[in-house]
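A quick write-up on the structure given underneath.
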Amino acid sequence: MTIHTQLRNLGLFDARVPRYTSYPTAPHFSTDITATQVSSWMTHLDPNVPISLYVHVPFCRRLCWFCACRTQGTSTLSPVAAYIETLKLELQLVTSHLPAGIQIGHLHWGGGTPTLLDASMIADLTSAINDLAPFAQNYEFSVEIDPNEIDDDRLDALAKAGMNRASIGVQDFNPEIQKTIGRMQSYEITKAAVDGLRARGIKSLNADILYGLPGQTRERIADSVNKLLSLSPDRVALFGYAHVPWVARRQSMIPTDALPTPQERLDLFNVARDLFTMDGYAEIGIDHFARNGDGLEIAARSGKLRRNFQGYTNDKCQTMIGVGASSIAKYADGYAQNAPATSEYQKRVRAGELPISKGHAFTAEDHLRGRIIEALMCDFQVNYSDLAARFDLSQSDFDAFAISVDAAFPKMLGISKTSIKIREQARPLTRMIARHFDTYAMAQTQHSSAV
């Protein structure tokens with residue numbers, strides 16, 4: 001039996017599985033979490049421990065058809081300017097609840113298109129963030145850069161603001177594929193953005209590229225990867241395109257008959273992965289690659305790789321506060337998500353409220369299963385000693401976990417008294433194996449099957 005047959009028999013090519021950037025995942029959040037509860041979580045933070053801050057800008061000059069993010073198009077900066085004013089008000093609200101002396105260890109601007117902001121808006125938002133808290137020593141400030149939406153003035157403003165990491169979306173360099181997914185972005189424009197970043201001392205650069213796009217072939221993805229390698233990014237995220245037009249209506253513009261089959265998707269991933277590893281990149285988790293010495297590579301090598309809403313990270317902060325419409329925060333006690341609609345978000349902030357719409361308060365079981373899932377996603381293994389040191393977990397409980405998952409994925413795991421390991425040939429199943437420990441998703445699956 002070939003490995004492809006084994007993977008197919010275990011459901012790899014049919015399953016829709018979460019990316020597990022959180023546990024539980026966002027669809028399982030509820031409206032039980034209130035602004036009062038979240039303000040208490042903020043107030044009780046340790047001022048001596050740095051936090052992460054995520055700033056969401058949900059605007060784009062154009063809406064790419066492949067994207068399933070919650071964004072809105074705009075032809076002018078007027079709604080963006082109004083939104084930035086609301087962001088500043090929310091930052092003031094957050095500041096009023098935080099303990100004095102807290103610092104920012106990690107700052108990320110995402111979207112949407114954060115670089116839609118002009119230079120004056122960038123400076124204005126930066127000033128508001130500085131009023132919330134100063135940067136900690138060895139901070140990281142990253143921004144998602146759209147090469148089509150950047151110029152010297154904005155690059156200068158971001159560099160002056162302290163940006164020291166940039167993330168560029170590539171997706172694919174083939175013009176026909178770009179036209180099909182509604183994202184025209186030439187190699188030359190991308191290179192100019194990279195050169196501009198490097199010229200301003202931005203030493204850390206990561207890039208996103210997609211596999212599974214309509215019209216992609218082995219030859220086309222190899223060409224795109226080789227062009228990306230010529231830009232020498234420090235780390236790369238190789239994401240699989242998720243075609244979910246019932247979630248993101250704009251994806252209905254993409255012809256489904258041009259999408260590769262699930263087996264072809266795996267082949268495309270392997271072509272790209274082989275090119276990255278042959279060029280000296282270390283394979284990080286299920287879909288990232290990094291140069292030796294990059295912070296992500298060091299974290300993976302030292303067993304300190306983590307998973308959050310931005311994917312794999314070496315961010316050491318335990319608390320991440322999200323500001324902006326639909327942004328999600330993580331505290332020691334749970335998750336909190338802002339109102340997703342920009343209009344509702346702005347209405348609540350302008351009324352002087354933290355714009356919390358839903359979230360989740362952690363249980364002891366959540367902490368345990370969340371750690372198991374994170375360990376599998378990051379390290380492809382979970383060790384009993386790690387779990388026993390953190391949680392009230394007996395050897396018999398761990399053995400029960402091991403027996404259950406081994407039965408669900410026969411011959412795919414290495415099982416012992418001390419660890420559960422995903423064999424190398426089974427790594428495409430990692431998210432499915434992680435889901436086995438997700439009581440929320442499994443309960444939902446069982447309910448759906450019974451209906």
Side-chain angles (χ1 to χ4, degrees), residues 52 54-55 57 105-117 122 126 135 138-173 183 185-211 221 223-239 272-273 275-285 287-301 305-306 308-315:
S52 286
Y54 172 73
V55 179
V57 180
H106 190 284
L107 173 62
H108 183 80
W109 292 9
T113 308
T115 50
L116 194 67
L117 276 61
I122 291 171
T126 300
F135 283 128
N138 299 320
Y139 75 92
E140 182 172 291
F141 174 15
S142 58
V143 178
E144 295 174 13
I145 307 286
D146 180 352
N148 288 306
E149 197 64 57
I150 197 68
D151 55 27
D152 286 341
D153 287 344
R154 283 177 279 187
L155 284 172
D156 288 341
L158 288 169
K160 184 178 179 181
M163 179 182 70
N164 52 19
R165 172 178 291 282
S167 179
I168 289 185
V170 170
Q171 323 320 335
D172 192 287
F173 281 120
R183 167 84 172 205
Q185 179 182 314
S186 69
Y187 171 80
E188 290 73 22
I189 286 175
T190 307
K191 185 178 185 304
V194 170
D195 290 344
L197 290 162
R198 299 288 195 203
R200 288 163 177 81
I202 310 302
K203 297 179 180 179
S204 191
L205 175 70
N206 51 285
D208 298 344
I209 189 168
L210 293 177
Y211 69 93
I221 198 168
D223 181 64
S224 287
V225 169
N226 282 322
K227 286 177 177 175
L228 179 57
L229 288 172
S230 74
L231 303 177
S232 195
D234 299 275
R235 64 179 72 162
V236 177
L238 176 61
F239 293 133
R273 179 188 62 185
L275 288 170
F276 286 125
T277 55
M278 285 190 295
D279 203 61
Y281 286 79
E283 195 167 357
I284 310 294
D287 53 16
H288 278 54
F289 302 84
R291 294 281 192 196
N292 289 335
D294 177 82
L296 206 62
E297 186 272 333
I298 294 171
R301 178 160 36 89
L305 187 66
R306 297 182 60 214
N308 67 15
F309 292 106
Q310 279 78 59
Y312 289 110
T313 181
N314 56 319
D315 179 9

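Residue numbers start at 1 and run along the sequence shown. Here the structure is a predicted model, which means the values were calculated and not measured.
For Q185, the side-chain hydrogen bond (donor to acceptor under 3.5 Å, both in side chains) partners are R183, T190, not counting sequence neighbours. Under the side-chain contact (heavy atoms from CB on, under 4.5 Å) criterion, R200 pairs with D152, L155, D156, A159, sequence neighbours left out. Not counting sequence neighbours, the partners of F276 by the ring-ring contact (aromatic ring centres under 6.0 Å, His included) test are Y281, F289. Remark: N292 pairs with A282, E297 by the side-chain contact (heavy atoms from CB on, under 4.5 Å) rule, at least two apart or across chains. Considering only residues two or more places apart in sequence or on other chains, D151 meets the side-chain hydrogen bond (donor to acceptor under 3.5 Å, both in side chains) condition with R154. Scanning for side-chain contact (heavy atoms from CB on, under 4.5 Å) contacts around L116 gives F59, R61, T74, L77, V80, T113, E149, with sequence neighbours left out. For T313, the side-chain hydrogen bond (donor to acceptor under 3.5 Å, both in side chains) criterion is met by no residue, not counting sequence neighbours. The side-chain contact (heavy atoms from CB on, under 4.5 Å) check on T126 picks up W109, I122, N130, A161, with sequence neighbours excluded. Residues satisfying the side-chain hydrogen bond (donor to acceptor under 3.5 Å, both in side chains) test with D315, not counting sequence neighbours, are S52. Partners of R291 under the salt bridge (Lys or Arg N to Asp or Glu O under 4.0 Å) rule, at least two apart in sequence or in another chain, are D279.
Of the options V57, N148, L158, a side-chain contact (heavy atoms from CB on, under 4.5 Å) to T115 is made by L158 and by none of the others. A side-chain contact (heavy atoms from CB on, under 4.5 Å) with I202 holds for exactly one of V143, L197, I145; it is L197.
Side-chain contact between D172 and Y211 is absent, with no heavy-atom pair separated by less than 4.5 Å. In this structure the side chain of L205 reaches within 4.5 angstrom of the side chain of V194, judged on heavy atoms. You'll find the side chain of Y54 stays beyond 4.5 Å of the side chain of N308, heavy atoms only. Under the 4.5 Å side-chain criterion, counting only non-hydrogen atoms from C-beta, L305 is in contact with I284.
Contact detail for G293 and I298: the closest heavy-atom pair is O-CD1, 3.4 Å. Taking both residues in full, the closest heavy atoms of G112 and P114 are given as O-CD, 3.6 Å, listed atom of the first, atom of the second, then distance. A pairwise comparison of heavy atoms in L228 and F173 identifies N-CE1, 3.8 Å as the closest pair.
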Carefully, step by step, assess E144 and H108 under the rule side-chain hydrogen bond (donor to acceptor under 3.5 Å, both in side chains).
CA-CA 8 Å; E144 295 174 13; H108 183 80; 3.0 Å; yes

Please lay out, stage by stage, how S142 and H106 fare under the test side-chain contact (heavy atoms from CB on, under 4.5 Å).
CA-CA 8 Å; S142 58; H106 190 284; 4.0 Å; yes

Verdict with reasoning, S204 to R165, per side-chain hydrogen bond (donor to acceptor under 3.5 Å, both in side chains)
CA-CA 5 Å; S204 191; R165 172 178 291 282; 2.5 Å; yes

Run F239 and I209 through side-chain contact (heavy atoms from CB on, under 4.5 Å) and show every step you take.
CA-CA 6 Å; F239 293 133; I209 189 168; over 6 Å; no

Verdict with reasoning, S224 to Y187, per side-chain hydrogen bond (donor to acceptor under 3.5 Å, both in side chains):
CA-CA 9 Å; S224 287; Y187 171 80; over 6 Å; no

Let's go through N206 and V236 carefully: what are the C-alpha distance in whole Å and the side-chain angles of both, what is the deciding distance for side-chain contact (heavy atoms from CB on, under 4.5 Å) to 0.1 Å, and is it a yes or a no?
CA-CA 5 Å; N206 51 285; V236 177; over 6 Å; no

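Below 30°, between 30° and 60°, or above 60°: for H288 and Y312 the angle between ring planes is above 60°, a perpendicular geometry.
Looking at D234, its side chain never comes within 3.5 Å of a backbone N or O of D294 through a donor-acceptor pair.
The line from CG of L231 to NZ of K191 is 7.5 Å long, rounded to the nearest 0.5 Å.
A salt bridge (Lys or Arg N to Asp or Glu O under 4.0 Å) check over residues 224-233, counting only residues at least two apart or in different chains, returns the pairs D223-K227. Residue pairs meeting the ring pair (Phe, Tyr, Trp, His ring centres under 6.0 Å) criterion with at least one member in residues 143-172, sequence neighbours excluded, do not occur.
D287 and R235 are not joined by a salt bridge, as no carboxylate oxygen comes within less than 4.0 angstrom of a charged side-chain nitrogen.
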